[in-house]
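Heads up, the thing below is written out as structure tokens.
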Number of protein chains: 2
Amino acid sequence: MKKTNPTSSGAFARSPCPVACVLDIIGDKWTLLVVRDLFAGKRTYGEFQASFEKIPTNILAERLKRLIEYEIIVKSPYQQRPVRYEYVLTTKGKELGPILKAMAQWGEKHIPGSKAISKW
Amino acid sequence: MKKTNPTSSGAFARSPCPVACVLDIIGDKWTLLVVRDLFAGKRTYGEFQASFEKIPTNILAERLKRLIEYEIIVKSPYQQRPVRYEYVLTTKGKELGPILKAMAQWGEKHIPGSKAISKW
DNA sequence: CCGGATCCGGTCTGATACTG
DNA sequence: CAGTATCAGACCGGATCCGG
């Protein structure tokens, strides 16, 4: 088993452009939304699912795997019987903050009605 | 005829989160790549197509339309007989610069081998 | 119940061919 | 050169199913 290649990830892997490479990792509708939730303090599968945008469960599971592979988050049990997992941003993951911040600022300025959680 | 709904755009339009709204506009593999090219000085359809990542022609045409709708770029003829068009960033479009810059910085730091064009 | 895996129809992508 | 048309296959998203 090699790839299963979710979200056509890897297409730009050899691009010399860092923007293209980054888009290969986070360039889809859902990934950054999960990262946003992590910045907002959410940590569990259920919390991600409960977000306003209603990410489908299979997509969420896939994106979490991807984020782990890229070492943007780590998964660890925080409770036994029943076992529960939490997802936490790594240092590398936290450094995505400026991207989210830039997006939020652009959105707040150009999309009426949007209001940031200002927690990046 | 209303829909054609490219790239499932509009799904997050009513989200209160600016990040989600922005991802609705630029949250796909190709859109920001075109914007990147614009920042890099490219202006014509052919120049976008010639980029390293080889965007499919139908996708390019669709994304350009979207960017025009969102007033991120404008299209105008710069030559007659034969007529030639150029695409130029609006002020709103240029303000996407910080997002690209943040992505480029993250990419340069975390993806070995990538080198920015440093022109944001 | 919670955290996911699986199934499946419909939509979108992307390669190629075609047109002005 | 600047797109439009076409079409198979990949992917999304909703529903459902399953293990602990």
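By the 4.5 Å heavy-atom criterion applied to side chains, A:Ile68 and A:Lys65 are not counted as neighbours. Counting only heavy atoms from C-beta outward, the side chains of B:Val88 and B:Leu38 never approach each other to under 4.5 Å. By the 4.5 Å heavy-atom criterion applied to side chains, A:Trp106 and B:Ile26 are not counted as neighbours.
Across the protein-nucleic acid pair, A:Tyr85 atom OH and C:dG4 atom C1' stand 11 Å apart, rounded to whole Å. Taking atom CG of residue B:Asp28 and atom C1' of nucleotide C:dC12, one finds them 11 Å apart after rounding to whole Å. Atom NZ in A:Lys29 sits roughly 9 Å away from atom P in C:dC12 (whole-Å rounding). Atom P of nucleotide C:dG3 and atom NZ of A:Lys42 are separated by 13 Å, given to the nearest angstrom. As rounded to whole Å, 17 Å separates atom P of C:dC8 from atom CD1 of A:Ile59. In this structure, CD1 of A:Ile68 is placed 12 Å from C1' of C:dG4, rounded to the nearest angstrom. Rounded to an integer number of Å, the gap from A:Ile73 CD1 to C:dG3 P is 14 Å. Nucleotide C:dG3 holds its P atom 10 Å from the CG atom of A:Leu60, rounded to whole Å.
Distances shorter than 4.0 Å separate none of the side-chain N or O atoms of A:Tyr78 from OP1 or OP2 on C:dC2. Checking the phosphate oxygens (OP1, OP2) of C:dG14, a side-chain nitrogen or oxygen of B:Trp30 falls inside 4.0 Å. Residue B:Lys75 has a polar side-chain atom (N or O) positioned under 4.0 Å from OP1 or OP2 of D:dG3. Not one side-chain nitrogen or oxygen of A:Lys65 sits closer than 4.0 Å to the OP1 or OP2 atom of C:dG4.
Closest approach to the A:Glu62 side chain among D:dG3, D:dC12, C:dT13 is made by D:dC12 (side chain taken as heavy atoms from C-beta onward). Relative to the side chain of B:Arg63, the nucleotides C:dT13, C:dG4, D:dT4 differ in distance, and C:dT13 lies closest. Closest contact between the side chain of B:Thr44 and the listed nucleotides D:dA2, D:dG13, C:dG4 involves D:dA2. The side chain of B:Ala61 sits closest to D:dG3 out of D:dC12, D:dG3, C:dA15.
From one end of the helix from C:dC1-D:dG20 to C:dG20-D:dC1 to the other, with five pairs defining each end axis, the axis direction shifts by 20° (rounded to 10°).
Seen from the ring of A:Phe52, B:Arg14 does not count as a face-on cation partner, given the 6.0 Å and 45° thresholds.
Within the 3.5 Å criterion, the main-chain N or O of A:Lys42 finds no donor-acceptor partner in the side chain of A:Asp37. Formation of a donor-acceptor pair under 3.5 Å by the A:Arg36 side chain with backbone atoms of B:Val19 is not found in this model.
Using a 3.5 Å distance cut-off with no hydrogens or angles, the side chains of B:Glu71 and B:Thr90 do not pair a donor with an acceptor. Between A:Ser15 and B:Glu53, the side chains place a donor N or O and an acceptor N or O closer than 3.5 Å (distance only, hydrogens not considered). Between the side chains of A:Thr57 and A:Tyr45, at least one donor-acceptor pair of N or O atoms lies under 3.5 Å.
Contacts with DNA chain C (heavy atom under 4.0 Å) in residues 45-55 of chain A: A:Tyr45, A:Gly46, listed by number.
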If the sugar-phosphate is the primed atoms plus P, OP1 and OP2 and the base is the rest, what is the B/S/- string for nucleotides 15-20 of chain D, using protein heavy atoms under 4.0 Å?
-> B-----
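Atom OH of B:Tyr85 has 12 or fewer neighbouring heavy atoms from other residues, nucleotides or ligands inside a 6.0 Å radius.
Ring geometry for B:Trp30 versus A:Phe12: interplanar angle over 60°, hence perpendicular rather than tilted (30 to 60°).
We find that B:Glu95 and A:Lys109 are joined by a salt bridge, their nearest charged nitrogen and carboxylate oxygen being less than 4.0 Å apart.
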